[in-house]
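Worksheet: the structure to be examined is printed underneath.
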Amino acid sequence: MDRDGFSSDPVSAQETGILESTRGLTAVLDCLPHSAWIFDRSGRYVFQNRIDRETHGSAVGLLPSEAGLGPEEGQAWTQMHLRVIGGERVHYSREMETSRGRVVSETSIEPVMVDGVIIGGVGVSVDQTARTDAVRRLNEAHQRLAEFVAVSSDWVWETDEEHRFTSVIGDGGRLGLDFAGWIGRTRWQVANGDPVADPLWRGYAETVARHAPIDNFIFSTLRGDGEPMWTEVNGRPRFSTDGRFLGYRGVTRDVTRRETMAEQLRRSDIVIRATNNAVVVCDRAGRVRWVNTAFERLTGYTQAEVLGQKPGAVLQCSETDPATVREMSAAIAEGRPVRVQVLNQSRTGRRYWLDLDIRPIAGEGAEPEGFVGVQTDVTELVEARALLHDVIETIPDAIAAFDAEDRLILFNRSYRDYYALSAKLIREGTPFEDILRHGVAAGQYMDPGSTPEQREAWIRNRIAIHRDPPSEPSIQLLSDGRWLQVSERRSTSGAIVGVRADITALKQAELAIRRTAETDGLTQLANRSVMTRELDKALQGKRLRDQVGVFIIIDLDHFKSINDTLGHDAGDALLRVVAQRLRRLLRRGDVVARLGGDEFAVLLTGLADELAAERMAQKLHKALTARTRLGDRMMRPGISMGVTLFPADGETPTDIIKNADIALYQSKAQGRNCWTLFNPQLRRRLERRQELGDALRGAISAEDIDVAFQPQLGFGDHRIVGFEVLARWQYGGQAISPLEFVGIAEDLGLGGVLGRAIMERAFATFSKASAGRADAGQLAINLATSQLKDPHFPEYVTEALARYGLRPQQLEFEVTETVLLDRSAERIAETLGALRQLGISLALDDFGTGYASLTHLKRFPVSRLKIDQSFVRNIGQSDDDVAIVRAIIGLAHSLGMTTVAEGVETGEQLAFLAQLGCDIAQGFFIGRPAPHPVWSVAPHGPAESGRLAI
């Protein structure tokens, strides 16, 4: 091909024709700075301009597939040439490696037509490498910007001439902002700002209205989750080439943390300057860099006077503790915090105590850049503490106080002396647990256990008691034999204050008294109270062997005859022999006791069946009935025994002892000198109790519970002054004792329902019978414990009295002494008090047979004592009963109470009671219980108009 781009070889007429037809075009194409070529109808190159030849080499006369383009690309170009010959226009972009390096080209191929006939085609490839590189660089710049804002708290934005957002680039999801929702809105609209009323936004609006730069504009807004956010805006106005304002472009930054910290610093500065605590800031060498006004007031030195100096050189005095100074210096040198109490001296010479808390100021490296010291004047506290120390040192009891973190903060010499083996750790700042553990390891305490597990459990229990002190003192036995009474309490400040009193002498006396009280003087065996306690302990024991066993009651046959015939010395000797034999026979851990008189008991744990019990009983009986010498006579004691198993025959000490007694009586009934294994016959009683309980429920529902009225005679005017209401119930054609069915009702939770049924029937009958009587007297009704525990019971009584037209003064409630001893005594006292306020009188029934004390008479609002019939029965025959009745009457009258004597069955009893000053009598001699109140007295003496002659 020549320099004009034409081949020197002969060409076909067709090629000549297309070249002739495009000769003007080839001249133009050869001048282009882009590749250009012409091909004929067969797709062969007939012309290449200079750029194309330099880029791809000469290809004239060749098909693209024959040129150096490679088979695939050459074939593709051949097909494009043929498509153009077919009349298409082809546009093609590609990136390729050439002799000039990587080239990005955009190709257009058009058909060449002569007289409407396609004779070939022309192609031009424009080099777009520079533009593509520019676009790529632009995209990379955008990508870098996107990556930057994605990891920063900044975002970039643009606004239009109306200050509306047109673009926001940033990680809105991470920042909690809806950037997409901002488009088309102004900044103050997004932030809910008011450019009219709010000075901040009014200033911003004025700035952008002037098209001035936006510099460090800070405002607060809310994130999407409602959390507050502070932002800082910087922006520059944009103008067109002709000066027209186009809007703003800028960056906004999340400065919430900075603003929050700044606000905290402002507040801290205000607080530090306003606080009464002196604050001093020092450099790493300990020289003063800054002090607050409180420091100046406390020390008398100004900031200018102490700058560059070490505080200690200015403030310490001759009395300052050198050890404390060394402790502070060491902490500062090591860059660690320290808190001490130090004595300083002000500019005027005043000595004062400081609580000084020094803390390092963290620098950028590992070493602190300085220290801050907070000084609190604790002079009064130190002086008060010194006085307190002097006071507690004069107290013989051990005193110790621990702070809220359980560290020792105060103690006296006695505390260290009492716990001499723990004295090494008894110093201020030592935790209580450390002192305790050291004492246990050193053998300070008597009872921490023998195994590591037991000692750890003991320690944990003691720590728990110490940290949550009980209201009652605890007792502690030390290894040196001393007993301490430990009283601890937690103060309102959280400190635990404890006092330990040495009660060794008292405890030794108590133990001696207890041994005397719990030991039978004759046989040196335990007594009944010990046996009951040990039996209960066995039933509640944690070990399986402690929960099963045999209990045996042993009785000496005809012991009274031995005393009568051989004398009491012989009887005592026999009792000692039996005691010795029992001690010798029983295992370690078994319990033997003398219950009283000639009765003994043994408790053997771990025996779980009747066969084992029989064998033990046989062994005991054989040994105890062996011959023995009493004085100058040999005899074989007769021994009767009652044997019972637990828990099979009872789950409480009371039940077990009772069942053993039953078995003992069976032995005696069988001729004595034998043993009997308890044969429970409780099933019948339980079945009867269940049967009566079910029937009682039905009787209450059917209103089959009846009442009887027993009259009460007043000694004053010898008239009927009232009636005791007695419950009556018949079941299966038989009258059931009130003692039985009332107890069943209480056990089944029917006490309150039964009591109301009795009151309803009594109120209705009495109201009807006493209608029109001015002197009807009082109704006395027994109350059950469950009724007194009911907080609504007084309300019910008030309503019931009103419903039947009765006055509260016509009602008296009787309670027994056992009711007053119930665990719910507080609740019962409240109910009795409420009843008394209503005007209802209260009587204490069966007085003298229970355990009520004068304290109960004082505590509960009782107005009448009922003398039990057991004292009235022999009142004319027993001096003891007379003394008891006289004492009860005198006690009642001295307390402003009246008395009622129960069980009066003879005129002599009635007359004797009158002489003793009794107020009211009740019994068969006065009148038997009747279905209705009867105001006439029984015909046992001259009666006139309801009066009884005494």
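Contact between Pro738 and Arg728 at its shortest, heavy atoms only, is CG-NH1, 3.8 Å. For the residue pair Ala660 and Thr644, the shortest heavy atom distance occurs at CB-CG2, 3.8 Å. Residues Phe600 and Val578 come closest through the heavy atom pair CE1-CG1, 3.8 Å. The shortest non-hydrogen separation linking Thr765 to Pro933 is CG2-CD, 4.1 Å. For Ala901 against Val872, the heavy-atom pair with the smallest separation is CB-CG2, 4.1 Å. What you find for Arg594 and Asp520 is that their closest heavy atoms are NH1-OD1, 3.0 Å.
In this structure, the separation between NE2 on His568 and CG on Leu575 is 11.5 Å, given to the nearest 0.5 Å. The distance from the CZ atom of Arg836 to the OG atom of Ser841 is 6.5 Å, given to the nearest 0.5 Å. To the nearest 0.5 Å, atoms OH (Tyr731) and CG (Asp694) are separated by 8.5 Å. The line from CG of Asn659 to OG1 of Thr654 is 10.5 Å long, rounded to the nearest 0.5 Å. In this structure, CD1 in Ile552 is found 15.0 Å from CZ in Phe678, a value given to the nearest 0.5 Å. Here Thr831 contributes atom OG1 and Leu783 contributes atom CG; the two are 9.5 Å apart, rounded to the nearest 0.5 Å.
Annotation: side chain of Val707 is not in contact with side chain of Ile781 (no heavy-atom distance under 4.5 Å). A heavy-atom distance below 4.5 Å is not found between the side chains of Phe912 and Val885. Within the 4.5 Å cutoff, the side chain of Gln837 has no heavy atoms near those of the Pro794 side chain. With a 4.5 Å cut-off on side-chain heavy atoms, Ile720 and Ile926 count as touching. Using a 4.5 Å heavy-atom cutoff, the side chains of Ile503 and Ile475 are in contact. Proximity of Thr519 to Gln524: side-chain heavy atoms (C-beta onward) are separated by under 4.5 Å at one or more points. Using a 4.5 Å cut-off on side-chain heavy atoms (C-beta onward), Phe715 and Leu916 make no contact. Asp661 is listed as a side-chain neighbour of Glu599, based on a closest heavy-atom distance under 4.5 Å.
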Query - Candidate pair Thr676 and Tyr665, rule side chain to side chain contact (heavy atoms under 4.5 Å, CB included), full reasoning - result: CA-CA 9 Å; Thr676 302; Tyr665 293 143; over 6 Å; no
Requested in this report: Could you please spell out the steps behind the side chain to side chain contact (heavy atoms under 4.5 Å, CB included) verdict for Arg761 and Ile705?
Outcome: CA-CA 8 Å; Arg761 180 61 63 89; Ile705 304 299; over 6 Å; no
Report task. Begin from the C-alpha positions of Arg756 and Asp790 and carry the test side chain to side chain contact (heavy atoms under 4.5 Å, CB included) through to its verdict. Result -> CA-CA 12 Å; Arg756 293 194 179 195; Asp790 183 0; 3.5 Å; yes
Report task. Report the C-alpha separation of Trp675 and Ile639 in whole Å, then their side-chain angles, then the decisive distance to 0.1 Å, and conclude whether the side chain to side chain contact (heavy atoms under 4.5 Å, CB included) test is met. Result -> CA-CA 8 Å; Trp675 72 87; Ile639 299 293; over 6 Å; no
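When the ring pair (Phe, Tyr, Trp, His ring centres under 6.0 Å) test is applied to Phe723, the partners found at least two apart in sequence or on another chain are Trp935. Legend: residues meeting side-chain contact (heavy atoms from CB on, under 4.5 Å) with Glu814, ordered by chain and number and at least two apart, are Gln712, Glu724, Ala780, Asn782, Glu812, Ala843, Asp845, Lys866. A search for side-chain contact (heavy atoms from CB on, under 4.5 Å) contacts involving Ala745 returns Leu696, Leu750, Leu754, not counting sequence neighbours. Every side chain to side chain donor-acceptor pair (under 3.5 Å) that Asp655 has, sequence neighbours left out, goes to Thr652.
Residue pairs meeting the side chain to side chain donor-acceptor pair (under 3.5 Å) criterion with at least one member in residues 886-898, sequence neighbours excluded, are Arg864-Thr898, His893-Asp919. The salt bridge (charged side-chain N to carboxylate O under 4.0 Å, His left out) analysis of residues 793-809, with sequence neighbours excluded, yields the pairs Glu760-Arg803, Glu799-Arg803.
Between the side chains of Ser640 and Asp557, a donor-acceptor pair is found at a separation under 3.5 Å. For the 3.5 Å distance criterion, the side chains of Glu746 and Ser786 qualify, holding a donor opposite an acceptor.
In this structure, the side chain of Gln787 engages the main chain of Ala784 through a donor-acceptor pair within 3.5 Å. Remark: side-chain polar atoms of Thr523 are not paired, donor with acceptor, to backbone N or O of Ala579 under 3.5 angstrom. Without hydrogens or angle criteria, Ser863 side chain to Leu842 main chain gives a donor-acceptor distance under 3.5 Å. In this structure, Glu534 contributes its side chain and Val530 its backbone to no donor-acceptor pair below 3.5 Å. Gln778 contributes a side-chain N or O that, together with a main-chain N or O of Gln809, makes up a donor-acceptor pair within less than 3.5 Å. Side-chain N or O atoms of Glu518 include none that pairs as donor or acceptor with a backbone N or O of Asn527 at under 3.5 Å. When atom types are taken as modelled, the side chain of Asp649 and the backbone of Leu645 share a donor-acceptor pair closer than 3.5 angstrom.
Ring pair Phe793/Phe813 is tilted by interplanar angle, where 30° to 60° counts as tilted.
Atom CD of Glu651 is surrounded by 12 or fewer heavy atoms from other residues, nucleotides or ligands within 6.0 Å.
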